[in-house]
Amino acid sequence: MSSALSTKIGIIGGGQLGKMMILEAKKMGFYVAIVDPDPKCPAHTLVDKHIVAGLKDREAILQLAEISDVITYEIEHIDVDALFEVEKNGMPVYPTPASLKIIQDKLTQKQRLIDEGAPAPEFVAANSVADIVAAGEKFGYPMMLKARKGGYDGRGNFHVASADHAQEAYNALDGEKNPLMVEKFVDFVMEISVLACRGKDGTIAIYPVAQNAHKDEILQETRVPATISNKTRDAAMALARQVMEIFEGVGMFCVEMFVHKDESVSVNEIAPRPHNSGHYSIEGCIASQFENHVRAVAGLPLGDTSLFKPTVMRNILGEPGHSGPAFVQGVEEVLSIPGATLHIYGKQETRAKRKMGHITVVADTLEDAVAKGVLASNSLKMISKESGGNND
Ligand code: ATP
Ligand code: MG
């Protein structure tokens with residue numbers, strides 16, 4: 001490796017997060033290679049080299065390492081043993097496989113947090129229907145059954161309303177095959193997240209607190225700054241810093257948190273990567289989460305995380321009832337809204353509730369950004385050709 005800009009960055013995953021990382025990497029002229037099974041994945045047109053292979057394909061990950069100077073990833077559901085191997089061969093992997101291994105499994109992640117004194121919901125492992133029923137006696141109902149690994153967008157979670165639903169919950173998450181855990185249900189007043197980035201020199205940059213609204217457990221809207229008390233803000237920033245001290249590794253992390261009635265906060269989960277709730281930072285902050293991730297993995301100084309103005313991000317999900325080749329309707333309406341920016345990930349196929357893009361609105365006031373965000377997302381639809389839509 002000579003100068004920082006000649007660093008070859010290898011990314012596992014070429015979905016939207018990989019794509020947005022690469023857009024930043026390319027601004028600075030980095031060489032980028034990816035591993036992704038889909039030859040037409042969102043990042044495919046942007047990369048110098050695309051190894052078409054599964055994210056858990058050990059050979060492909062070793063091959064990626066051969067043509068890279070540093071390895072990072074856009075998703076945590078990957079082969080961590082291959083990453084340990086890459087690291088053992090002397091190549092940096094950011095964030096570290098050691099942190100990824102713990103975080104990948106929601107149970108070991110929560111155990112680690114609790115062992116280190118970070119607030120998180122109580123939980124127990126659940127390997128049978130009887131375990132779920134026993135958890136119900138401990139925690140009461142409702143409670144949250146979770147797949148320990150592989151979940152995203154709430155797929156992997158099941159609300160257990162009563163002991164009568166224990167079997168149904170176990171079946172829904174395929175408990176025979178997947179290790180599960182039960183969490184006490186958190187009666188939160190708000191969900192927030194804090195992005196943080198660690199540079200190679202150990203510097204930690206923390207972003208402002210973001211307020212997240214989920215619909216059907218899928219992120220729908222992020223508002224920044226969050227409408228929270230100073231007490232909550234200070235607690236959230238302190239908790240993000242505490243989490244960064246618990247988990248080592250260079251690069252972006254996101255700490256999803258619950259805000260409780262008494263204004264205190266606890267950790268919902270951690271992502272060792274840029275996160276959907278940080279997309280606002282592309283237009284909203286001086287240096288986005290993707291820019292800082294690239295700077296971090298390349299060993300460069302981190303950028304300023306300050307927010308320019310109130311910013312709202314709304315996800316664009318595949319329209320229910322539509323599945324097939326993706327078409328966007330309403331682009332002109334969205335782009336006619338002052339302060340609105342449109343991101344379309346370039347996924348070839350749309351499906352109900354699939355994350356297909358997002359809209360960001362930057363405005364002078366949060367109220368204005370929220371209103372324009374709602375207007376913009378009501379104007380936009382991600383439909384499929386087969387369902388009779390037009391592409392405008
Ligand atoms: P992501 O989309 O962030 O990848 P995920 O599928 O990994 O999400 P979680 O973040 O664990 O899942 O949960 C999704 C949502 O479900 C949370 O944002 C929250 O709204 C709700 N949730 C999760 N755990 C609990 C809990 N213990 N009590 C109440 N609600 C919860
Ligand atoms: Mg989550």
Side-chain angles (χ1 to χ4, degrees), residues 13 15-17 55 73-78 100 102-111 113-114 118-126 132 135-136 138-161 169 172-174 178-195 209-223 226 236 240 243 252-261 264-280 289 313-318 353-356 358:
Q16 66 265 28
L17 299 174
L55 305 180
Y73 43 88
E74 61 142 24
I75 179 167
E76 52 271 44
H77 311 309
I78 54 179
L100 176 63
I102 300 166
I103 290 172
Q104 224 173 32
D105 179 338
K106 287 183 173 178
L107 185 136
T108 55
Q109 181 195 126
K110 288 229 159 66
Q111 189 61 57
L113 287 166
I114 287 171
E122 277 185 74
F123 67 89
V124 290
I132 299 173
K138 188 168 180 206
F139 298 145
Y141 293 93
M143 57 186 192
M144 192 66 101
L145 183 69
K146 293 188 175 184
R148 287 171 56 175
K149 286 188 173 181
Y152 69 99
D153 292 346
R155 296 168 226 226
N157 288 0
F158 197 96
H159 279 240
V160 191
L173 297 186
D174 206 356
N178 303 314
L180 306 175
M181 66 191 283
V182 176
E183 274 178 29
K184 193 169 175 172
F185 202 83
V186 181
D187 190 16
F188 56 82
V189 291
M190 189 191 284
E191 289 188 83
I192 58 174
S193 57
V194 182
L195 302 162
V209 181
Q211 175 175 344
N212 300 319
H214 292 81
K215 195 177 166 202
D216 302 330
E217 291 182 41
I218 303 175
L219 183 66
Q220 181 183 41
E221 182 202 65
T222 297
R223 301 178 182 187
V243 167
M252 283 298 311
F253 286 76
C254 176
V255 187
E256 293 181 47
M257 302 179 194
F258 296 122
V259 180
H260 308 270
K261 287 196 187 83
S264 66
V265 294
S266 60
V267 178
N268 169 29
E269 63 167 345
I270 296 157
R273 54 169 169 80
H275 191 261
N276 190 174
S277 67
H279 292 356
Y280 78 87
Q289 60 169 350
M313 187 283 316
R314 290 185 72 94
N315 272 334
I316 301 167
L317 304 180
K353 297 187 181 170
R354 189 176 193 199
K355 284 179 181 164
M356 301 299 288
H358 72 265

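Both ligands and their constituent atoms are indexed starting at 1 by order of listing. Just so it is clear, the model here is predicted, and its values are computed rather than measured.
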Salt-bridge criterion met for K353 and D216 (N-O under 4.0 Å):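 A salt bridge links K353 with D216.
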
Sequence-distant partners of F185, ring-ring contact (aromatic ring centres under 6.0 Å, His included), two or more places apart: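 Applying ring-ring contact (aromatic ring centres under 6.0 Å, His included) to F185 gives H159.
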
Atoms (protein N, O or S; no water) under 2.8 Å from the Mg ion (ligand 2):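 Counting protein N, O and S atoms closer than 2.8 Å to the Mg ion (ligand 2) gives 3.
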
F188 and F258 aromatic ring geometry - parallel, tilted or perpendicular at 30°/60° bounds: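 Plane angle under 30°, so parallel.
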
Partner set under side-chain contact (heavy atoms from CB on, under 4.5 Å) for D174, not counting sequence neighbours: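 By the side-chain contact (heavy atoms from CB on, under 4.5 Å) rule, D174 matches E176, K177, N178.
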
Side-chain donor or acceptor of T108 paired with backbone N/O of I102 under 3.5 Å: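 At least one qualifying donor-acceptor pair exists.
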
Heavy-atom donor-acceptor pair, Q104 side chain to I78 backbone, under 3.5 Å: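 Answer holds: yes.
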
Within the protein, residues bringing a heavy atom under 4.0 Å of ligand 1, chain by chain: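 Heavy-atom contacts below 4.0 Å: K106, M144, K146, G151, Y152, D153, G154, N157, E183, K184, F185, V186, F188, E191, H214, E217, E256, F258, N268, E269, H275.
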
Check against salt bridge (Lys or Arg N to Asp or Glu O under 4.0 Å), K106 and E183: CA-CA 10 Å; K106 287 183 173 178; E183 274 178 29; over 6 Å; no

Residues E256 and H275: side-chain donor-acceptor under 3.5 angstrom: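 H275 and E256 do have a side-chain donor-acceptor pair below 3.5 Å.
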
Derivation and outcome, side chain to side chain contact (heavy atoms under 4.5 Å, CB included), residues I103 and F253: CA-CA 11 Å; I103 290 172; F253 286 76; 4.2 Å; yes

